[in-house]
Amino acid sequence: MSRRSTRTALSPEQLTIAWQSASLLLGYPDQDLLDRLELVRRASHELPGTVGEPLRETVARLDGTPLTDLEEEYVDTFDSRRRHNLFLTYFAHGDTRKRGVALLRFKQTYLASGVELSDEELPDHLCVALEFAATVDQESGRQLILDHRAGLELLRLSLVDAGSRWAGAVEAVTATLPPLQGDEIEAVRRLAAEGPPEEEVGLTPYATPGFDPGPAQPAQPDQPVALPMPSFPGGR
């Protein structure tokens, strides 16, 4: 039986671990990530196998690989292939004018929960959406991800087909979501056949691909808070 054929409801604490783990693993590789791999591995054992196993697969494929090799492969994987894009609205809208409206919705959702990103950060980056869902507002964050489910599924399928070391992290995310329904399955098929739209327009003041969440900034009283870095229970 495939590990994707059954799904177990996750507790809020388990969702936090799953989404934080995936956010870390899918970020641009650096020494901080390598230092946290064992932490992610330990935390993954708190999760059902359908979620924890693919996370551990990604950890195993990152662990022991020279950082320079990971950096080069990450750029080749996510910055130069349209079907491997980590920006969720890209799959539905490509670089079209409609994407600007979709990006604004992400920002407004974050602001409603007191989170403000800089104008240099695209709010639909999968790592940002996962971090928001894990540490700020699970329901709103989950809904943002579900709204772009077809693109997320295409990303998963494309990474699996390519044998990417990051495929397991995306598979873990999709395993935390409800099974695809009829319309969603058709949307994935259409995306797989046609790919994202190709109209080219500027998206300023948003950033270009290559996003790095970076360290969180201290919150000021009565001001929007910055997204915190992941920290698993007992991890500090």
Side-chain angles (χ1 to χ4, degrees), residues 16-47 51-88 90-91 117-118 120-135 145 151-152 154-176 206-218 226-236:
T16 292
I17 291 172
W19 291 338
Q20 281 184 327
S21 296
S23 179
L24 275 171
L25 295 176
L26 290 168
Y28 185 81
D30 56 18
Q31 189 58 48
D32 285 343
L33 168 63
L34 299 184
D35 292 342
R36 290 187 173 107
L37 289 179
E38 181 56 32
L39 177 61
V40 174
R41 193 197 319 269
R42 294 201 309 268
S44 71
H45 288 286
E46 301 295 324
L47 304 171
V51 182
E53 288 177 14
L55 288 174
R56 289 190 290 276
E57 288 176 6
T58 298
V59 168
R61 297 190 66 183
L62 295 176
D63 196 16
T65 304
L67 182 56
T68 54
D69 290 351
L70 290 178
E71 292 171 336
E72 181 178 350
E73 186 175 341
Y74 186 92
V75 170
D76 180 64
T77 298
F78 294 114
D79 290 1
S80 60
R81 306 187 190 194
R82 298 177 69 234
R83 294 169 187 262
H84 294 181
N85 204 297
L86 288 173
F87 296 90
L88 292 173
Y90 181 82
F91 290 98
L117 300 179
S118 74
E120 297 177 354
E121 298 170 348
L122 276 173
D124 66 330
H125 193 285
L126 180 56
C127 292
V128 175
L130 288 170
E131 185 69 22
F132 173 78
T135 63
I145 295 169
L152 184 63
L154 179 60
L155 172 62
R156 180 186 68 81
L157 291 170
S158 299
L159 292 176
V160 169
D161 288 346
S164 170
R165 68 178 78 235
W166 287 278
V170 178
E171 181 179 352
V173 174
T174 61
T176 69
Y206 298 105
T208 54
F211 169 79
D212 179 1
Q217 298 300 316
L227 289 174
M229 288 297 291
S231 58
F232 303 108
R236 292 187 180 275

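All of these numbers come straight from a predicted model, not from anything done at the bench.
Remark: L159 CG to L154 CG distance equals 9.0 Å, nearest 0.5 Å. To the nearest 0.5 Å, atoms CD (E71) and CG (D30) are separated by 8.0 Å. Distance OG/S21 to CD/E46: 10.5 Å, rounded to 0.5 Å. Taken from CG in L33 to CG in L25, the straight-line distance is 6.5 Å, to the nearest 0.5 Å. In this structure, CG in L86 is found 4.5 Å from NE2 in H125, a value given to the nearest 0.5 Å. Going from atom CD of E53 over to atom NE2 of H45 covers 10.0 Å, rounded to the nearest 0.5 Å.
In terms of heavy atoms, C127 sits closest to G27 at SG-N, 3.5 Å. Nearest heavy-atom pair, A169 versus A22, reported as atom, atom and distance to 0.1 Å: O-CB, 3.8 Å. Closest non-hydrogen pair, V128 versus P123, comes out as CG1-O, 4.0 Å. Nearest heavy atoms, A175 versus V51: CB-CG2, 3.9 Å. Pairing each heavy atom of P54 with each of G168, the nearest pair is CB-O, 3.2 Å.
Using modelled atom types, no side-chain atom of S23 and backbone atom of W19 make a donor-acceptor pair closer than 3.5 Å. Remark: side-chain polar atoms of R56 are paired, donor with acceptor, to backbone N or O of S44 under 3.5 angstrom. Listed for the T176 side chain is a donor-acceptor partner under 3.5 Å among the backbone atoms of V173.
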Exercise. Side chain to side chain contact (heavy atoms under 4.5 Å, CB included) between T135 and Q20: does it pass, once the steps are laid out?
Worked result: CA-CA 8 Å; T135 63; Q20 281 184 327; 3.2 Å; yes
For this session: Check step by step if side chain to side chain contact (heavy atoms under 4.5 Å, CB included) holds for F87 and L126.
Result: CA-CA 6 Å; F87 296 90; L126 180 56; over 6 Å; no
For this session: Go through the steps to decide whether N85 and L155 satisfy the test side chain to side chain contact (heavy atoms under 4.5 Å, CB included), and finish with yes or no.
Result: CA-CA 7 Å; N85 204 297; L155 172 62; over 6 Å; no
For this session: Under the side chain to side chain contact (heavy atoms under 4.5 Å, CB included) rule, what do L39 and R42 come out as? Steps first, then yes or no, please.
Result: CA-CA 5 Å; L39 177 61; R42 294 201 309 268; 3.6 Å; yes
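A 4.5 Å side-chain heavy-atom check between R165 and T58 finds every atom pair outside the cut-off. Within the 4.5 Å cutoff, side-chain heavy atoms of L67 are placed close to those of P29. Residues L34 and L70 meet the side-chain proximity criterion, which asks for heavy atoms closer than 4.5 Å.
A donor-acceptor contact closer than 3.5 angstrom is absent between the side chains of R61 and S164.
Remark: W166 engages Y74, F78 in a ring-ring contact (aromatic ring centres under 6.0 Å, His included) (not counting sequence neighbours).
Within a 6.0 Å sphere centred on CD of E38, heavy atoms belonging to other residues, nucleotides or ligands number more than 12.
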